[in-house]
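When a ligand or atom number is given, it counts from 1 through the structure's own listing order. One is the number of the first residue; the rest follow in order along the sequence. Since the model is a prediction, treat every value here as computed from it, not as a measurement.
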Amino acid sequence: MSEKIIIFDTSLRDGEQALQASLSVKEKLQIAIALERMKVDVMEVGFPISSPGDFDSVREISKKIKNTTICSLARCLDKDIDVAADAMSVLNNFRIHVFLGTSNLHMYSKLKKNFDEIVDMAIRGIKRAKRYTDDVEFSCEDAGRTCLDNLCVIVEKAILAGAKTINIPDTVGYTLPNQFSNIIHTLYQKVPNIDRAIISVHCHDDLGMAVGNSISAIAAGARQIEGTINGIGERAGNAALEEVIMAIAVKKDILKVHTTIEKKEIYRVSKIISQICNISVPPNKAIVGSNAFAHSSGIHQDGILKNRENYEIISPKTIGLQEVKLNLTSRSGRAAVRHRMQQMGYKNSEYNIDELYASFLKLADKKGQVFDYDLEALAFINNQQENPEYFILDHFHVKSSSSGFSTASVSLICGKNTITKFSTTSNGPVDAVYQALHKISGYSMLLQKFQLFAKGKGKDALGQVDIIVEYKNRKFHGIGLATDIIESSVKAMINVLNNIWRANQVILQLNKFSKEK
Ligand code: KIV
Ligand code: ZN
């Protein structure tokens, strides 16, 4: 009989901790809602002791998500566990995930403890977490390099202490599929109380084995798989969940297991994560890459036209990719725009059709045909603008030549109706507008990364600018999209200014709150 595999998503914890700039609460909520729609069983949404921002987002996600188990990470330390429980306290049921290094390297060189001390710490951590919830997961960090006898002992003790899920991470992506499945197999043979817990695996991709190792663990008895969408995560990343899910679906006859994931949401969730996290998906990435279902050579195209199964093992529709496309131009009505958004898997409630249609018409006038990626970018940027905007572009003017300096004059609406204007000169047009914007905002910051992507081809292309800026030791990300690349650059910086302004408001509110207390 086919058994269920629990899908545990850690995009918002292991994935997020590896990003260049941390995500805002609103961005994390957007991702959490998409993951809930995809019906992941458990989502790990943060490490609340690590920062007030992380605590806050775990709390906000706990208020909003109803159909997925929410989980937070904690070391085996009382204060970590208490704070994790506090962040999820609005929920009746939640999971606390405690972890502790068990390999010789981690025990002796990182934690400076011997094995007996580690076992004691693990038992105390699990028992502390059990004060708050019955749903406790324990991870033997660096299990892939842990001596198997020690691993069997600590797993047995963790189950006795009350852990309901035991996670075996290949933290540094060191094992090969046969080695990793042997670890799981040995646990099943040697740990007497193993049937009282779910065995989970959490594989990193340092040798490109994360998905292979996860699948090999299923064959050895693991029943929970941890990973992230698009494989984002520390260093080379985590097991890409969309690949694990589709491998389970395609190979169900051999693996004899299934998931309850809404597979039609996969493509959409992948897009949302890639956009919000600012990590592009390689075109040849399995399942969600833009070429994953594209056929180029004449022989392949001919074969596909005769029978799709000649060159496709998965129908693109399974993951929510539609094939029939309407051309969208300025003659299209809002029904066509809405239909296209629906075809791409977006619900009407996820974007504002009036705002989207207004920006769609402006773009269609400029470029002729509007493509899927344009529409998604417009919907995404409109969504971002639901945040209160303090800085709004009034207008800008730039003059540039090959032989001299560039001059820029920028005028911004700052707060309610105050228009501030600044003109400046520099050796390039982007630097000139950025200097003017910095002067107007008064924020002292450093531009760390500037990337320009062409969205589309030739004269139809849109310019998307992605920037990362450092302000008071924190990194802020901004996106701007326009047909004019100076305008995209200006929009990206204004996006950053608004993100900084909002972060400052949160700090002001927190200070006020702690004074009142
Ligand atoms: O990779 C790892 O070992 C982890 C643990 C915290 C589960 O992320
Ligand atoms: Zn990890």
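- Under a cutoff of 6.0 Å and an axis angle of 45°, Arg268 and Tyr346 form a cation-pi pair.
- Note on Asp142 versus Arg145: salt bridge recorded, some NZ/NE/NH1/NH2 to OD/OE distance being below 4.0 Å.
- Within the listing of ligand 1, atoms 8 (O) sit less than 4.0 angstrom from a heavy atom of Asp14.
- Checked options Asp170, Thr171, Asp14; the residue passing with His204 is Asp14 (criterion: side chain to side chain donor-acceptor pair (under 3.5 Å)).
- Among the atoms of Arg13, some N or O lies under 3.5 angstrom from an N or O of ligand 1.
- The side-chain contact (heavy atoms from CB on, under 4.5 Å) test with Asp54 singles out one residue from Lys28, Arg13, Gln17, and that residue is Lys28.
- Side-chain contact check for Asp9 and Ser11: at least one donor-acceptor pair (N or O, by modelled atom type) lies under 3.5 Å.
- What sits closest to atom 3 (O) of ligand 1 on the protein, heavy atoms only, is Thr171 OG1, 2.6 Å.
- Residue Glu226 places every heavy atom at 4.0 Å or more from ligand 1.
- Counting only heavy atoms of the protein, atom 4 (C) of ligand 1 lies nearest to His202 NE2, 3.5 Å.
- No other N/O/S atom of Asp14 lies as close to the Zn ion (ligand 2) as OD2 does.
- The His204 neighbourhood of ligand 1 comprises atoms 1 (O), with distances under 4.0 Å to a heavy atom of that residue.
- When each atom of ligand 1 is checked for a heavy atom of Glu141 under 4.0 Å away, the hits are 3 (O).
- Only one option out of Ile7, Thr68, Thr10 pairs with Met43 in a side-chain contact (heavy atoms from CB on, under 4.5 Å); it is Thr68.
- No N or O atom of Asn167 sits closer than 3.5 Å to an N or O atom of ligand 1.
- In this structure a side-chain-to-backbone donor-acceptor pair under 3.5 Å is missing from Lys113 to Lys110.
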